[in-house]
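When a residue number appears, it is its place in the shown sequence, counting from 1.
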Amino acid sequence: EVQLVESGGGLVQVGGSLILSCVVFGFTLRDYHISWFRQGPGKEREGVSCIDKGGAYTYTTDSVKGRFTISRDIAKNTVYLHMDSVKPEDTGVYYCAAVFEYPLGGWSVSDEYDFWGQGIQVTVSS
């Protein structure tokens with residue numbers, strides 16, 4: 001059974017750091033591109049970062065560039081999102097998602113993704 005399970009969310013202060021984990025079951029990271037999405041209160045879901053199935057390329061949205069870093073551990077079948085210098089606008093539900101074929105419209109096209117995790121809350125306090 002295919003599953004993506006997120007962990008590591010919670011409450012952090014402005015300027016703080018935390019690490020989100022996404023453990024995948026039922027497929028190998030070598031076969032799927034993995035992305036982190038988020039949805040803030042009253043906002044549309046947006047792509048945060050992506051790591052390709054080959055592990056050679058990563059992509060990050062401008063609003064978190066230089067602060068967030070995506071990485072993976074093949075042996076653990078886990079993708080991470082390292083979040084540094086967090087801001088209140090980083091608050092939201094974070095989702096891990098997997099897609100076999102790279103979306104024609106780009107990595108952040110959420111409708112193209114094949115599998116999704118349940119989501120995990122990240123709250124940045126002022």
Side-chain angles (χ1 to χ4, degrees):
E1 180 181 353
V2 173
Q3 284 188 280
L4 284 74
V5 182
E6 302 100 332
S7 63
L11 178 66
V12 298
Q13 294 187 133
V14 169
S17 301
L18 76 167
I19 301 172
L20 304 184
S21 299
C22 173
V23 182
V24 304
F25 302 89
F27 63 88
T28 174
L29 294 176
R30 298 184 189 276
D31 288 340
Y32 285 81
H33 310 287
I34 308 296
S35 292
W36 288 96
F37 290 83
R38 69 184 181 188
Q39 187 167 18
K43 299 179 180 179
E44 296 288 326
R45 183 170 55 193
E46 65 171 343
V48 178
S49 192
C50 175
I51 185 165
D52 78 292
K53 61 179 65 176
Y57 300 96
T58 61
Y59 310 93
T60 308
T61 193
D62 288 344
S63 63
V64 306
K65 196 165 295 181
R67 300 188 297 116
F68 293 6
T69 302
I70 191 169
S71 63
R72 72 180 188 180
D73 187 326
I74 294 293
K76 295 181 178 180
N77 235 33
T78 301
V79 175
Y80 304 95
L81 185 67
H82 296 249
M83 305 169 65
D84 294 319
S85 303
V86 297
K87 304 175 180 179
E89 52 262 43
D90 295 322
T91 293
V93 178
Y94 283 69
Y95 300 88
C96 182
V99 63
F100 182 76
E101 297 282 356
Y102 193 85
L104 293 176
W107 65 270
S108 62
V109 180
S110 60
D111 289 349
E112 297 293 330
Y113 279 72
D114 302 310
F115 305 108
W116 290 83
Q118 66 179 358
I120 188 165
Q121 179 71 39
V122 172
T123 302
V124 181
S125 62
S126 301

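Judged as a ring pair (Phe, Tyr, Trp, His ring centres under 6.0 Å), and not counting sequence neighbours, Tyr80 has no contacts. With sequence neighbours excluded, the residues that form a side chain to side chain contact (heavy atoms under 4.5 Å, CB included) with Glu89 are Lys43, Lys87. Taking Lys65 as the reference, Asp62 meet the salt bridge (charged side-chain N to carboxylate O under 4.0 Å, His left out) condition, with sequence neighbours excluded. Asp111 is linked by a salt bridge (charged side-chain N to carboxylate O under 4.0 Å, His left out) to nothing, counting only residues two or more places apart in sequence or in another chain. Every side-chain hydrogen bond (donor to acceptor under 3.5 Å, both in side chains) that Ser17 has, sequence neighbours left out, goes to Asp84. Applying the side-chain hydrogen bond (donor to acceptor under 3.5 Å, both in side chains) criterion to Arg67, with sequence neighbours excluded, gives Asp90.
Applying the salt bridge (Lys or Arg N to Asp or Glu O under 4.0 Å) test to residues at least two apart or on different chains, none of the pairs has a partner in residues 70-80. Residue pairs meeting the disulfide (SG to SG under 2.5 Å) criterion with at least one member in residues 75-119, sequence neighbours excluded, are Cys22-Cys96.
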N/O donor to acceptor pairs below 3.5 angstrom from side-chain atoms of residues 44-53, sequence neighbours left out:
from: Arg45; atom 1: NH2; to: Ser110; atom 2: OG; distance (Å): 3.3
from: Glu46; atom 1: OE2; to: Arg38; atom 2: NE; distance (Å): 2.8
from: Glu46; atom 1: OE2; to: Arg38; atom 2: NH2; distance (Å): 3.2
from: Ser49; atom 1: OG; to: Tyr59; atom 2: O; distance (Å): 2.8
from: Ser49; atom 1: OG; to: Thr60; atom 2: OG1; distance (Å): 3.4
from: Asp52; atom 1: OD1; to: Gly55; atom 2: N; distance (Å): 3.4
from: Asp52; atom 1: OD1; to: Ala56; atom 2: N; distance (Å): 3.0
from: Asp52; atom 1: OD1; to: Tyr57; atom 2: N; distance (Å): 2.6
from: Asp52; atom 1: OD2; to: Gly54; atom 2: N; distance (Å): 3.0
from: Lys53; atom 1: NZ; to: Asp31; atom 2: O; distance (Å): 3.0
from: Lys53; atom 1: NZ; to: Phe100; atom 2: O; distance (Å): 2.7

Which pairs of donor and acceptor atoms, one on a side chain in residues 119-126, lie under 3.5 Å apart (sequence neighbours left out)?
from: Gln121; atom 1: NE2; to: Thr123; atom 2: OG1; distance (Å): 3.2
from: Ser125; atom 1: OG; to: Val12; atom 2: O; distance (Å): 3.4

**Q.** Verdict with supporting geometry, Phe115 and Tyr32, side chain to side chain contact (heavy atoms under 4.5 Å, CB included)
**A.** CA-CA 10 Å; Phe115 305 108; Tyr32 285 81; 3.8 Å; yes
Q: List the steps and the verdict of side chain to side chain contact (heavy atoms under 4.5 Å, CB included) for Met83 and Trp36.
A: CA-CA 12 Å; Met83 305 169 65; Trp36 288 96; over 6 Å; no
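The environment of Leu104 atom CG is sparse: at most 12 non-hydrogen atoms of other residues, nucleotides or ligands sit within 6.0 angstrom.
Both Trp116 and Val99 are part of a single hydrophobic cluster, where members link through side-chain heavy atoms under 4.5 Å apart.
Within the 4.5 Å cutoff, the side chain of Val24 has no heavy atoms near those of the Val79 side chain.
Here the CG atom belonging to Leu20 is positioned 8.5 Å from the CD atom belonging to Glu6, to the nearest 0.5 angstrom. We find the CD-CZ distance between Glu1 and Phe27 to be 12.0 Å, quoted to the nearest 0.5 Å. The distance from the CG atom of Leu4 to the CD atom of Gln118 is 10.5 Å, given to the nearest 0.5 Å. Put simply, CG on Asn77 and CG on Leu29 are 4.5 Å apart, with the number rounded to the nearest 0.5 Å.
Other cluster members for Val23: Val5, Phe25, joined by side-chain heavy-atom distances under 4.5 Å among Ile, Leu, Val, Met, Phe, Trp and Tyr. Residues near Leu11 contribute nothing to a hydrophobic cluster around it, because no ILVMFWY side-chain heavy atom sits closer than 4.5 Å to its side chain.
Closest heavy-atom contact between Phe37 and Ser108: CE2-O, 3.5 Å. When all heavy atoms of Gly8 and Leu18 are compared, the closest pair comes out as O-CD1, 3.5 Å.
Paired with Ser35 under the rule side-chain hydrogen bond (donor to acceptor under 3.5 Å, both in side chains), one option of Tyr113, Tyr95, Trp107 passes, and it is Tyr113.
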